[in-house]
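Source: prediction; values computed, not measured.
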Amino acid sequence: MTYKEARVYLDEMSKYGSVLGLDTIRGLLRELGNPQDDLKFIHIAGTNGKGSVLAYTSTILSEAGYRIGRYVSPTVVSYLERIQVDSEWISGERFANLTEKVRDAIARLEAEGRDIPTVFEIETAIAFLYFKEMQCDLVVLEAGLGGALDATNIIKNTVCAVFASISRDHIGMIGDTVEEITRNKAGIIKPGCEVVSAEQEKSVEQILRQCAAEQGCTYVQAQTDQIRVIKEDYHGIYFSYKIFQNMHTVMAGKNQLSNLAAALEVIRMLGSMGYEISIRDVRRGMERTLWPGRFTCIGENPVFILDGAHNEDAALKLKESMEAYFPGRRLLGIAGVFRDKEYDRIAQTLGPLCAKIYTVDLPNRDRGLSARRLAGVFRAYCGCVEAPEEQRQQEQTVGDAVAAALKEAGSRDVIVAFGSLSYLYQVKAAYEREIRGENR
């Protein structure tokens, strides 16, 4: 099987949709020899900030000399970035070989009349096989949807369960209230593991503490107010936190303060468990952490920012960052969101900030809110909103929006593309084509 054939196979399997529950992946992994049972995990759940906490933690641990697997979703730059070891993506050839192995296992299960795994379950199985082959010391594992019934929760050997900021998201799928959502996400807590959380709303904190106590786990909550910011702008943050003095990250955005504190508490917890991680390792890991699509600046004059603000909490954080870093400057927005998101709240938060907004269609049209419908929502909050012409291809609408925003913007203006992470790589590609003059 080639990489192209592997992707075609996974596209075909996507027709089975997304199903919460562990029975199917349990059967698949048993057929594959349960590779996850030979691995140790840092399991991360939450609504916003999971990827950033994962990036900080895994990069620091790699700097400390440990072999670290990463499993993330969604991806921004490439499909292959979802499975990494020490920040290096799995190769297309290796991915294809492991996909073939999983496909053959599924064929055997199907012959026995067993349920067919979903694409996410297949990808998770491929990741576990790869991390075992690579003899990873730890795997930093990002939960997909929720926690308790997410495919990643099939693991047993959780060293540390980590919670990034929890708020309302995927409404109706894992809960209608933040308390219901928290209980679902708390399902990743395993008996006797360590639990670390970012700073949370009081009701969320109480639930996480209770769930940790029920499983006999130590609970530590990061203290964002203990971060001393030395200097910050849209290029990064210089800061100190407890024993970690004079640190620097190129990850910008007001939401990063919570993520930084959470990641550093994970490192402190691992140190108390016997993992050897020096202050130098932490400093170098912080400086080298990159995570695309999280308040990422891709250009200057005008400044061009990418940010995966896809729910109300993330939109509020993005608003705070834009107002702090670019006071008094004219803002232009590019927006694309899924229809299962609180898109009206996103529009209500970010619409008034922008002088003009361009809406786009997303790669996944089955889940995406149409650009024209999204434009109608934003017009209630922004006086100038532009939607693409009918029958335009999704890639064209993104390219058109980027070209139009760059043409409209002055050198002192700021363009921010926000919403789903799934289309930001197309925004970046379109921006680079415009800068090279390929579309002129």
Donor-acceptor contact below 3.5 Å, side chain Asp307 vs main chain Ala309:
yes
A quick test of your reading: do over 12 heavy atoms of other residues, nucleotides or ligands sit less than 6.0 Å from CD of Glu276?
no
CD (Glu88) with more than 12 external heavy atoms under 6.0 Å
no
Should we say atom NZ of Lys428 is surrounded by more than 12 heavy atoms from elsewhere, each under 6.0 Å from it?
no
Do Thr296 and Trp291 come within less than 4.5 Å of each other through their side chains, counting heavy atoms only?
no
Step by step, work out the side-chain hydrogen bond (donor to acceptor under 3.5 Å, both in side chains) result for Ser62 and Asp86.
CA-CA 6 Å; Ser62 291; Asp86 292 335; 2.7 Å; yes
Ignoring hydrogens and angles, tell me if any N or O in the side chain of Asp137 forms a donor-acceptor pair with the backbone of Arg67 under 3.5 Å.
yes
Think Arg82 forms a cation-pi with Tyr79, using NZ or CZ under 6.0 Å from the six-ring centre and within 45 degrees of its axis?
yes
Tell me, do Ile116 and Met13 make a side-chain contact under 4.5 Å, heavy atoms counted?
yes
Is the distance between the ring centroids of Phe128 and Phe41 under 6.0 Å?
yes
Side-chain donor or acceptor of Asn157 paired with backbone N/O of Leu39 under 3.5 Å:
yes
Using side-chain heavy atoms (C-beta onward) and a distance below 4.5 Å, is Glu312 in contact with Ile346?
no
Assess whether a salt bridge exists between Arg268 and Glu265, defined as any Lys/Arg side-chain N lying under 4.0 Å from an Asp/Glu carboxylate O.
yes
Backbone of Phe418 reached by a side-chain donor or acceptor of Tyr423 within 3.5 Å
yes
I'd like to know whether the aromatic ring centres of Tyr275 and Tyr66 sit less than 6.0 Å apart in this structure.
yes
With side chains defined as the heavy atoms from C-beta onward, is the minimum distance between Pro35 and Phe131 less than 4.5 Å?
no
Measure the shortest side-chain to side-chain distance between Leu350 and Tyr381 over non-hydrogen atoms and say whether it is less than 4.5 angstrom.
no
Any heavy-atom pair between the side chains of Gln200 and Gln221 that's under 4.5 Å?
yes
Does Glu133 form a salt bridge (Lys or Arg N to Asp or Glu O under 4.0 Å) with Arg94? I'd like the steps, not just the answer.
CA-CA 11 Å; Glu133 283 188 1; Arg94 196 74 210 102; 2.7 Å; yes
Exam field: side chain Ser370 to backbone Arg373, donor-acceptor pair closer than 3.5 Å
yes
Give the intermediate values and the outcome of salt bridge (Lys or Arg N to Asp or Glu O under 4.0 Å) for residues Arg114 and Glu110.
CA-CA 5 Å; Arg114 307 286 291 277; Glu110 193 172 10; over 6 Å; no
Between Asp150 (side chain) and Leu145 (backbone), is there a donor-acceptor pair under 3.5 Å?
yes
Would you confirm whether Glu432, through its side chain, and Ala429, through its main-chain N or O, come within 3.5 Å as a donor-acceptor pair?
no
Check: Tyr358 side chain, Ala335 main-chain N or O, donor-acceptor pair, under 3.5 Å
no
If you count heavy atoms of other groups shown closer than 6.0 angstrom to CD of Gln223, is the number above 12?
yes
Tell me whether Ser272 contacts the main-chain N or O of Met269 through its side chain, where contact means a donor paired with an acceptor under 3.5 Å.
yes
Check against salt bridge (Lys or Arg N to Asp or Glu O under 4.0 Å), Arg108 and Asp104
CA-CA 6 Å; Arg108 294 192 296 272; Asp104 292 345; 5.6 Å; no
Between Glu81 and Val76, is there a donor-acceptor pair closer than 3.5 Å when you use the side chain of the first and the backbone of the second?
yes
So do the side chains of Pro117 and Thr24 get within less than 4.5 Å of each other, counting heavy atoms only?
yes
